[in-house]
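Note sheet for the following structure.
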2 protein chains.
Amino acid sequence: MLDAATELFMKQGYGAVSMDAVARAADVSKATLYAHFASKDALFATIVSDACCLDTVDEASFWADPADVGATLRLIGGRFLRYLLQPETLARYRVVVAESVRFPELGAAFWVNGPLAFRNRLAAWVVQQSEAGRLAADDPQVAAEQFIGLLRSGLFMRASLAVPPAPDSREIEATVEAAVTTFLRAFAPR
Amino acid sequence: MLDAATELFMKQGYGAVSMDAVARAADVSKATLYAHFASKDALFATIVSDACCLDTVDEASFWADPADVGATLRLIGGRFLRYLLQPETLARYRVVVAESVRFPELGAAFWVNGPLAFRNRLAAWVVQQSEAGRLAADDPQVAAEQFIGLLRSGLFMRASLAVPPAPDSREIEATVEAAVTTFLRAFAPR
DNA sequence: GTCTATAGAAGGATAGAC
DNA sequence: GTCTATCCTTCTATAGAC
């Protein structure tokens, strides 16, 4: 039931999905649906809030090669960008952005559990690498944010707007490589 | 009539706006509306396509101080980021992202006239500065994209998601300053 | 808890007069 | 070109039986 609603809302957005459609997809009656969720808003909020517990980049990637900053950035960057460009990720992003004004808690939940959480995790890694003398970042939060910005630019915007062609592996790897290069030029200890 | 529709669609999105509401806001009857636009889809497409002729950063900014790369980057970056964070810009972005799947031409028009156009203009500037020996960018397109990414990171995402607080001048200037610093570390001739 | 059936409102679109 | 009035569909939500 939640699964069916999730798929519909993510693919088509709040306005385009009716409670009839959800009931049909979940193979229950509309009355049953309303027995579990007070309203369409409540169902939508539940669905999307649940989907905000994101797992962008697995913890192991941060520890794969602690001594090699470039390799770790390439690994993390690749994982992150690939994650961003997944159809499900893009669909969720579209829905949340679209409804963030009418459902402010939703935008906030997404922000805190998604972009902000990843930035903080990355910033912690930057701190750690700086202490080890392998990076020289005055402000780890800014450095982390900038690395994310370097990755997200271009491909993600194009994909969010559903402009073909869909990014291929070559484009993704080139973007990651360029991001790592620029990041290291700015933050490698000299 | 177009004005009323534009305001409503941009503020509330496609699904939340009815033709009744547009007619009321424009102070005409629904029949009159349908005499000018074949359907709600057609009205929406017209509205948003028109709004895609963006003017992100005025041409003069690119020529304000040709010899000073840092100053020009700060000027352009500031203008661009401020533009991105305007309520109207954010509203338009939300609508286009939300409906880009159901209205592909719309996402494409926005992409071409907005992000892509600005990136190309910026890349042309990078070429020019590189030829003058004031920048050293192997790939101007990538450099331009990266500068935009450095600017767009963080604040724009938060603002898109309508997460308070709204970015203030201090945050904006700090972001621009950090972007310029990182960009120059990566692309200043050595 | 789950169903069928339906209320009640709102939406997109049109007919036909002026 | 513009209006009033209306058609028909679809939507959210609920009543009441099992």
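Naming: A, B, ... by sequence-line order, numbering from 1 per chain.
Among the protein residues, B:Val17 comes within range of the sugar-phosphate backbone only, with heavy atoms under 4.0 Å from sugar or phosphate atoms but none that close to a base.
Here the two rings, on B:Phe147 and B:Phe187, have centers that are 6.0 Å apart or farther. Taking the ring centroids of A:Phe103 and A:Tyr14, they lie under the 6.0 Å cut-off.
Across the interface with DNA chain D, nearest-nucleotide mapping of A:Ala31 and B:Val28 shows B:Val28 to be the residue nearer the 5′ end.
One interatomic measurement links the two molecules: CE of A:Met19 to P of D:dA13, which rounds to 6 Å at whole-angstrom precision. Atom OH of A:Tyr34 and atom C1' of D:dG16 are 18 Å apart (whole Å). The separation between B:Asp20 atom CG and C:dT14 atom C1' is 13 Å, rounded to whole Å. Rounded to whole angstrom, the span from the NZ atom of A:Lys30 across to the P atom of C:dT4 amounts to 12 Å. In this structure, A:Lys40 places its NZ atom 13 Å from C1' of C:dA10, rounding to the nearest Å. Computed from coordinates, the B:Asp27 CG to D:dT2 C1' distance equals 12 Å when rounded to whole Å. Following rounding to the nearest Å, A:His36 (NE2) and C:dC3 (C1') show an atom-to-atom distance of 12 Å. Whole-Å rounding puts the B:Leu33 CG to D:dC3 P distance at 10 Å.
Using a 4.0 Å cut-off, some side-chain N or O of B:Thr32 falls inside it from OP1 or OP2 of D:dC3. A sub-4.0 Å separation between OP1 or OP2 of D:dT2 and a side-chain N or O of B:Ser29 is absent. Note on B:Ser18: a side-chain N or O is less than 4.0 Å away from OP1 or OP2 of C:dG11.
A side-chain donor-acceptor contact under 3.5 Å links B:Thr181 to the backbone of B:Glu177.
The closest side-chain donor-acceptor pair between B:Ser61 and B:Asp58 falls under 3.5 angstrom.
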